[in-house]
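Below is one structure; the comments refer to it alone.
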Amino acid sequence: MKRVIDYFNGSTIVEQSLLVAVLLFLVLKAQDTLGCIGVVLATLFYYLRTKDKSVFLVCLLFASCLIPRYQYDPTMHEGRVIKVYTNSAIVQDGRSRVFVQTKKMPILDSTIQFTGKRKVITSSLGFYEFDFQRYMKHRGVTESVYCESMKEIQETTSLRGKVQESILRIDHDTKRDLLLNILLKIRPRNDMFDSFLNDAGFSYASILLWCNASLKYFVTDRKREVIDVVVSLCLGVLYHMPYLILQHLIYICLKHTKYNGKERCGLGMIIGMLVMPECIDTASFLVPSVFRLVGCFSKHKKFDTYYTSLCMQSYLFHGMNPVLCLCYRQVMVVVGFMYVVAWLSLLVGFDGTVVLTSIDTLLSFFNRFDLKGSLLGFGLPFYLLCVFVVRKSNHKRYYMLGSLLVFQLFGLFHPFATFTFVNVGQGDGMVYCAPFQKETIIFDTGKPSAYRHLSGYLDAKGIKHVDLMCISHQDLDHCGNKETLKDVYFIDEVIEEHREVVKTKTLTLYDLNTIRCEDENRSSLVHLVKFNGLELLLMGDADVVTEKEIVHKYDALSCDVLKLSHHGSNTGSCSDFLDLVKPHVAIVSSGPYHLYHHPNPHVIERLNKRRIPYLDTFEEGDITIVAIGKKNVLLTSKYHFAILS
């Protein structure tokens, strides 16, 4: 044993713990696509960098990430509730897990029996989309069950389960919803605590910060550290050791070792990733880890932490809040106080509704300073070029920060015109963005359940104002988010009736459909859009009758990109119409589990017969056409691309 300890203490693996941590992170990120190849590449890189015999230990470390932690059980129909959302829960039985959608909220750590139809959880592909499938897969969940019946067969015995039962017994709706949100992170309503600071990881950190701030002037540093450990352990027991609390306890332990700051940072990240590898994509892992890395290498920690926090916000939340970042520690203490008030309200009958709603108002006030937009855009290389130019300046940090805010404020991270077919599932939702946010046009909005897909794309692009919204017809999968978008975004004009020509700042839209009747599909707006030398034809849900009328009236019509009518249904895309327009590529907007199995095989056969390639949003995710000068590049969320002439 002593020889093993001496080997570990004297090996390069501790000295290179930061390198090992970064490589382990990359192995975990790439395990779904590269698997064993990722382990081999990471091990080879480590050996070439260190030339140390610890490479065998590092290889075993990387390989351990590929060992499956969960197993699939198609017969599972009962288990313990380990996670509760608003209308759903994750249920576990042994090493098997399933996502259960239910109308009644189950109790944490109770055992339930359920019946219902199983479905494989599919990926929601999108350029800026939260991938629910990947999130669930890393937690051992691959299937969902829409619960037809649910019965509790064993009551909860855990502390958090008892807390949930106590909250649900409260008659006052607002108070009950507030306490569920604050104490258990179950959000019954979307209009409260709309801030990332109330996310699970950040809220736990706020409790620790509040304790530290409250005791700073009354007890010694040594006693505060003991209290900090006790509070962390209590939170760990109550919430079954969430990642941020685990990470915090790991670093407290490492603080009392002989290792230096960089070694402690690397070892802490390695231990955390090995214990909870599913958390590597979460803010509770990424934000503290990046801040600790900044602390290891930066000589200007406060400034660099502020700058890094803005970049992390833009990457994770598609927006940044410079004012909130300046007041971060103070606001976090207030959030921690909110948590204490919530506990008092639950345990001693204190009515803290007024205090809690006041804090909610404060957090909402800071939301006014949000700068929407993701730095992941075609303008990012230009920003990095600016950083490279000022790298030797005496005030380089201020130039970097100033240019970051300018890029974010004026949409410079997205400098090119784009036309995007957003993956809204079974429905239509398309967005045109002119360069530098000069103009935004929305064509259809998808059904209500797809709102977050469309709004997420708009927010990532930094769009707050929409110049024009065109609704092809009144079917719910085309206009389902019309009113919601009106409430959230400033929309100048909405077109729902036929207008032969519509001229905007940068586009001209031609409505080719002359049919006016009671049939919504037949009367759909059919827009021809001329975009950077391309002709895009958006068919709505137009049927064969509409298409033949267009063929009769426009005998010289052609297009480069055809959005197939009615999601590729056999009611449209007739042979005569395809022979007339001769598109270079066809786009299908469809989703999973639809009753009509779009796109129709007969339509696909017609496309193949004419050698017309097609892309489906269900398979490819978001599909966008980017105008770069006179060239048009077609990109998909699956990283497929083509040049459209």
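Because only heavy atoms are used, hydrogens play no part in the values below, and waters and symmetry mates are left out as well, while side chains stay in. What you are looking at is a predicted structure, and each value in this text was computed from that prediction instead of being measured.
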- Message: So that I can tick it off, tell me whether Glu493 and Arg499 are bridged by a salt bridge, with the cut-off set at under 4.0 angstrom between side-chain N and carboxylate O.
- Response: yes
- Result for side chain to side chain contact (heavy atoms under 4.5 Å, CB included) between Val84 and one of Leu108, Leu184, Leu180 points to Leu108
- Message: If I take atom CZ from residue Phe443 and atom CD1 from residue Ile441, how far apart are they, to the nearest 0.5 angstrom?
- Response: 5.0 Å
- Passes side-chain contact (heavy atoms from CB on, under 4.5 Å), Asp492 versus Val466? Steps please. CA-CA 7 Å; Asp492 289 344; Val466 176; over 6 Å; no
- Message: Is the ring pair Phe407/Tyr383 parallel, tilted or perpendicular, if the boundaries are 30 and 60 degrees?
- Response: perpendicular
- NZ of Lys438: more than 12 outside heavy atoms within 6.0 angstrom? no
- Might you point out which heavy atoms bring Ser314 and Gly373 nearest each other, and give the distance in Å? OG-O, 3.1 Å
- Query: Under 6.0 Å from the CZ atom of Arg134, do we count more than 12 heavy atoms belonging to anything else shown?
  - Reply: yes
- Shortest non-hydrogen contact between Pro415 and Gly379, atoms and distance: CD-N, 3.4 Å
- Query: Should the pair Lys137 and Tyr135 be classed as cation-pi, given the thresholds of under 6.0 Å to the six-membered ring centre and 45° from the axis?
  - Reply: no
- Query: Nearest 0.5 Å, what's the CG-CG distance between Asn513 and Asp511?
  - Reply: 6.0 Å
- Message: Looking at Phe369, I want to see if its CZ is surrounded by more than 12 non-hydrogen atoms of other residues, nucleotides or ligands under 6.0 Å.
- Response: yes
- Message: Donor-acceptor pair, distance only, cut-off 3.5 Å: does the side chain of Asn481 make one with the backbone of Lys447?
- Response: yes
- Message: Once you measure the plane-to-plane angle for Tyr432 and Phe419, does it fall in the parallel (<30°), tilted (30-60°) or perpendicular (>60°) bin?
- Response: tilted
- Message: Can you tell me how far apart CG (Leu485) and CG (Leu458) are? Round to the nearest 0.5 Å.
- Response: 7.0 Å
- Query: Quick one: are the ring centres of His478 and His567 less than 6.0 Å apart?
  - Reply: yes
- Phe421 side chain near Ser589 side chain, heavy-atom distance below 4.5 Å: no
- Task: Indicate yes or no: at least one non-hydrogen side-chain atom of Pro288 is less than 4.5 angstrom from one of Leu244.
- Result: yes
- Query: Is there a ring-ring contact (aromatic ring centres under 6.0 Å, His included) between Tyr306 and Phe291 once you walk through the steps?
  - Reply: CA-CA 9 Å; Tyr306 177 73; Phe291 284 176; over 10 Å; no
- Message: Assess, by modelled atom type and distance only, whether the side chains of Ser590 and Gln426 contain a donor and an acceptor separated by less than 3.5 Å.
- Response: no
- Any side-chain donor-acceptor pair under 3.5 Å between Thr122 and Gln133? no
- Task: Take Tyr328 and Asn321 through the test side-chain hydrogen bond (donor to acceptor under 3.5 Å, both in side chains) and record every step on the way to the result.
- Result: CA-CA 10 Å; Tyr328 175 75; Asn321 194 318; over 6 Å; no
- Atom CG in Asp519, atom OG in Ser524: separation rounded to 0.5 Å? 8.5 Å
- Item | salt bridge (charged side-chain N to carboxylate O under 4.0 Å, His left out) contacts touching residues 464-477 (sequence neighbours left out) | Asp467-Lys505
- Is there a side-chain contact between Val287 and Leu316, using heavy atoms and a 4.5 Å cut-off? yes
- Would you find more than 12 non-hydrogen atoms of other residues, nucleotides or ligands less than 6.0 Å from Tyr315 atom OH? no
- Answer whether the closest heavy-atom distance between the side chains of Leu537 and Lys563 falls below 4.5 Å. no
- Can Thr546 and Asp543 be counted as having a side-chain donor-acceptor contact under 3.5 angstrom? yes
- Considering non-hydrogen atoms only, spot the tightest contact between Thr357 and Val354 and give its length. OG1-O, 2.9 Å
- Side chains of Ile90 and Tyr85 in contact at under 4.5 Å (non-hydrogen atoms): yes
- Message: A side-chain contact here means heavy atoms from C-beta on lying under 4.5 Å apart; do Leu324 and Gln313 qualify?
- Response: no
- Message: Just so I know, are the side chains of Leu562 and Ile587 near enough to count as touching, which here means a heavy-atom distance under 4.5 Å?
- Response: no
- Query: Any chance the side chains of Tyr457 and Thr420 put a donor and an acceptor closer than 3.5 Å?
  - Reply: yes
- Note on the structure: Value for CG (Leu209) from CE (Met332), rounded to nearest 0.5 Å, stands at 5.5 Å
- List the atom of Gly446, the atom of Val424, and the distance in Å for their closest heavy-atom pair. CA-CG2, 4.2 Å
- Minimum heavy-atom distance Leu536-Phe531, with the two atoms named: CD1-CB, 4.0 Å
- Message: Using the rule given for side-chain hydrogen bond (donor to acceptor under 3.5 Å, both in side chains), can you reason through Ser472 versus Asp444, listing the C-alpha separation, both sets of side-chain angles and the distance that settles it, and then say yes or no?
- Response: CA-CA 6 Å; Ser472 64; Asp444 287 340; 2.9 Å; yes
- Message: Main chain of Thr506, side chain of Glu439: is a donor-acceptor contact present, judged purely on distance under 3.5 Å?
- Response: yes
- Task: Examine Tyr239 together with Tyr204 and report whether their ring centres are nearer than 6.0 Å.
- Result: yes
- Between Phe410 and Phe436, does the ring centroid distance fall short of 6.0 Å? no
- Give the minimum heavy-atom separation between His138 and Asp32, together with the two atoms involved. NE2-OD2, 3.4 Å
- Query: Going through the distances and angles, do Asp541 and His473 end up as a side-chain hydrogen bond (donor to acceptor under 3.5 Å, both in side chains)?
  - Reply: CA-CA 8 Å; Asp541 277 356; His473 61 295; 3.0 Å; yes
- Message: Please check this pair: side chain of His172 against backbone of Asp177, looking for a donor-acceptor N/O pair closer than 3.5 Å.
- Response: no
- Message: Show every salt bridge (charged side-chain N to carboxylate O under 4.0 Å, His left out) that has at least one partner inside residues 618-628, sequence neighbours left out.
- Response: none
- Rounded to the nearest 0.5 Å, what separation is found between the CG atom of Leu179 and the CD1 atom of Ile186? 11.5 Å
- Assert yes or no for the condition that the ring centre distance of Phe378 to Phe382 is strictly below 6.0 Å. no
- Item | Tyr128-Phe130 aromatic ring centre distance below 6.0 Å | no
- Start with the C-alpha distance between Ser374 and His318, add both sets of side-chain angles, then the distance that settles side-chain hydrogen bond (donor to acceptor under 3.5 Å, both in side chains), and finish with yes or no. CA-CA 4 Å; Ser374 171; His318 302 159; 4.9 Å; no
- Query: Is there side-chain contact between Lys530 and Thr508, with at least one heavy-atom pair below 4.5 Å?
  - Reply: no
